[in-house]
Each structure stands twice: as structure tokens, then as C-alpha cells.
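Order of appearance sets the numbers: ligands from 1, and atoms from 1 within every ligand. No hydrogens, no waters, no symmetry mates; every other heavy atom, side chains included, goes into these values.
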Amino acid sequence: MSSAFQSIAEAIHAAETIAILSHMRPDGDAIGSQLALMLSLRQLGKQVVAWNENGLPDSFRFLRYSELVTMPPPPAEARIFDLAIALDTATRQRLGTTLNAIRSAGYWINIDHHASNPGYGDLNYIDSSAPATGQIIYEFLQSQALPLTQETADALYVAISTDTGSFRYPNTRARTFEIAAHLISAGVNAGELARHLYDSYPKRRILLLGELLRNARFDAEDRVASLSLTRETKDRYQVKPEDIDGLIDSIRAVDTVAVAIFFEELKDGRIRISMRSKDDRIDVSRLCAEFGGGGHALAAGARARGSLGEVSARVLERVINEIGRSI
Ligand SMILES: [Mn+2]
């Protein structure tokens with residue numbers, strides 16, 4: 001058994017009150033990991049909260065007990081915890097407003113699979129070979145012989161399925177399928193979860209995608225594709241943050257495309273940049289780091305100041321240049 005897991009377990013056993021945090025704009029890995037760990041620690045009799053800046057996206061409401069993952073309370077109600085555990089969060093900053101709800105925490109654990117994670121916890125478990133933080137949580141729960149309930153298994157399956165692009169991305173290993181098989185043995189209905197995850201989008205999402213694709217931009221002999229989403233368009237379609245997740249895959253899936261980019265105008269005046277690479281020679285976490293972000297080699301992001309036009313021009317120029325040098 002990994003001694004790091006042992007240290008995590010000791011910190012958990014020593015704590016009464018535990019806050020499990022994840023990143024803003026949570027994805028399936030963030031929500032699934034938070035929920036699985038929360039349910040397991042509650043079984044140990046711990047007082048656990050699970051917070052992220054945006055709370056639970058509607059798209060994950062089908063998960064049993066998911067309503068326990070919430071937005072943090074206002075700073076006036078900030079609490080003291082024995083232990084805070086950050087999951088799937090590459091930088092402390094990405095914990096956003098959850099930090100204001102924690103007056104203090106006796107100890108910080110940081111569990112993640114982003115190679116760019118600087119290790120901002122007192123104890124850091126960063127495994128960039130894991131395709132999902134949910135896979136690390138699974139290994140941890142197994143190492144502690146914690147019971148795998150149906151709800152925990154569902155949450156872990158959602159985490160792993162979504163972060164591997166439904167078991168398609170290169171980080172999908174034999175171990176990933178072994179874990180998936182075990183989760184299915186524990187009661188996961190893979191077809192039903194896939195229907196909830198991949199075949200249950202609101203209509204506004206496909207209408208939005210239609211408009212974005214009409215204005216898609218292709219550069220560098222179609223090796224770079226990008227979509228731009230303005231605040232005006234978001235308002236017109238009444239877009240929720242979770243509607244936007246995965247839209248980038250539509251241009252990523254074009255045969256010639258090596259790098260896909262999604263630009264989104266945020267309320268705070270910044271531009272959210274998502275990047276996907278299909279080519280090992282283009283490390284988008286390095287490119288995003290130049291714009292203040294980070295992530296994985298093939299999937300990364302950043303938030304940059306400036307107008308949509310300005311930021312997209314700057315980023316595209318940099319990416320096109322990189323494609324020219326590396327491919
Ligand atoms: Mn993840």
C-alpha cells in the first residue's frame with residue numbers, strides 16, 4: 001500500500017470536520033470525486049461538506065446524493081475545519097470562492113492528476129499518470145478497504161468515464177478498464193450512466209452548438225480550429241456553464257485538426273480559454289501556462305484579461321506559431 005495513502009488516511013482519521021473542495025466550473029471528475037469521497041468519509045462518521053464555487057451542475061443531478069455537493073456559504077458564515085481536501089484542482093486559485101468559506105483548516109491535502117499542480121497542500125498526492133482524479137480516489141478507498149456502495153461506485157464511474165472521454169483518450173489504461181469492470185460488478189449500470197452523461201443534453205445546447213459551428217474558425221491549413229462564445233450569445237440561449245462542456249469536442253473531432261480551442265467571454269471581463277491537442281508534439285498545458293493557466297498535455301485551459309477579439313487573436317497567433325515549429 002502506498003505510504004502516501006497511509007498519510008492521507010491518518011489525516012482523515014485524526015479529523016472530525018472535513019471540507020472536500022474542487023475547482024470552479026466543476027466537471028464530471030470534480031463532482032464524481034467529491035461525491036465518492038464525501039459518501040465514504042460520512043460512513044466513517046466524519047462531518048463532511050463538499051463545496052465548489054458553482055455548486056452542482058444540473059447535468060449531474062441524476063447521481064444519488066449529488067445534492068450534497070453545494071456552493072460554499074457566504075464568507076460571513078466561514079467555518080473552521082480540521083481538514084480540507086482539494087480534489088482535481090490544478091491551482092489553489094481554481095478553488096475560487098470556496099476558500100472564503102474556510103476560516104481556517106488545520107491541515108490541507110491536495111489530490112490531483114494535473115501535472116502542472118504545484119503542490120499547494122501540506123500533503124500532496126499528484127499522479128499525472130491517472131486519467132482521472134476519480135481513479136486516485138478509487139485506489140485510495142480500496143487501499144483503506146472502505147465499502148464500495150452503489151452510490152460511490154456510480155460517482156467514481158462518472159468521474160472516470162467523463163475524464164477519459166468515455167474511455168477514449170490516450171490516458172485510458174488497462175487499470176482504468178479493470179476499475180470500470182469492478183465498478184460495474186459493484187452495481188454500476190454503464191448504459192444508463194452513459195445515457196445520463198452523453199445523451200441527455202438540453203435542446204439549447206445543440207442550438208448553441210449550431211450557431212458556434214457556423215462561425216467556427218480554421219487556421220494553419222485546418223490544423224487549428226476554434227470556437228468563440230460571446231456573452232450576448234450566452235444570454236440569448238440562456239446558456240448554463242455545463243452546457244458549454246464538451247462543445248470543443250465537435251471541432252477537435254475534425255480529421256485535420258491538431259489543436260482545438262474554445263474562447264468564452266466571462267462576466268468578470270476575462271476570457272476563458274480551453275485547449276485540446278490530438279498531437280503528442282503539442283503540449284497545450286505548456287501553451288496555456290503562457291496565458292496564466294495549466295492542465296494536462298492534451299487538455300488544458302486558462303483565463304486571460306482582454307476582449308474576446310484581442311485574446312483570441314493573441315492565443316491563435318501563438319498556437320499557429322507552435323504548430324509551424326513542431327509539426
Ligand atoms: Mn480531472
Side-chain angles (χ1 to χ4, degrees), residues 8 20-38 50-57 59-60 63 66 69 85-96 98 109-121 124-141 152-173 175-177 179-180 183 193 197-198 241-242 244-249 252 262 272-277 283-285 288-289 293-303:
I8 293 172
I20 299 176
L21 311 177
S22 194
H23 57 82
M24 52 182 72
R25 297 279 291 261
D27 55 11
D29 191 23
I31 296 292
S33 297
Q34 282 193 288
L35 186 55
L37 187 60
M38 174 189 224
W51 294 334
N52 67 68
E53 179 168 308
N54 304 88
L56 177 72
S59 48
F60 298 113
L63 281 170
S66 60
V69 180
I85 306 176
L87 299 179
D88 196 45
T89 307
T91 63
R92 200 169 184 282
Q93 205 180 16
R94 298 256 306 144
L95 293 169
T98 65
I109 296 177
N110 169 13
I111 299 174
D112 190 20
H113 66 133
H114 294 90
S116 61
N117 192 309
Y120 51 83
N124 301 285
Y125 189 93
I126 316 297
D127 178 2
S128 60
S129 74
T133 297
Q135 181 164 323
I136 303 172
I137 299 300
Y138 169 89
E139 304 281 17
F140 171 71
L141 297 178
T152 308
D154 280 348
L156 291 173
Y157 190 91
V158 164
I160 294 169
S161 173
T162 52
D163 251 29
T164 57
S166 197
F167 304 95
R168 288 183 301 139
Y169 298 154
N171 54 7
T172 309
R173 300 287 154 77
R175 183 67 186 145
T176 316
F177 283 105
I179 294 169
L183 295 174
L193 291 191
L197 291 172
Y198 309 117
E242 66 256 35
I244 298 165
D245 283 346
L247 294 180
I248 194 172
D249 295 333
R252 179 188 171 278
F262 195 100
R272 178 174 162 270
I273 307 159
S274 289
M275 264 191 228
R276 301 290 181 267
S277 168
D283 177 345
V284 289
S285 88
C288 284
H296 309 287
L298 302 183
R303 289 176 184 221

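Atoms of the protein (N, O or S only) found under 2.8 Å from the Mn ion (ligand 1) are Asp29 OD2, Asp88 OD1, His113 NE2, Asp163 OD2.
When each of Val158, Asn52, Thr162 is checked for a side chain to side chain contact (heavy atoms under 4.5 Å, CB included) with Ile31, only Asn52 meets the rule.
The aromatic rings of His114 and His296 lie parallel to each other, their planes meeting at an angle below 30°, with 60° marking the opposite boundary.
In this model, a donor atom of one side chain and an acceptor atom of the other lie less than 3.5 Å apart for Asn110 and Asn117.
Every residue two or more places apart in sequence or in another chain that forms a salt bridge (Lys or Arg N to Asp or Glu O under 4.0 Å) with Arg25 is listed here: Glu264. The side chain to side chain contact (heavy atoms under 4.5 Å, CB included) test applied to Asp27 returns His23, Asp29, Ala30, Asp88, Asp163, not counting sequence neighbours. Thr89 meets the side-chain hydrogen bond (donor to acceptor under 3.5 Å, both in side chains) test with no other residue; sequence neighbours excluded.
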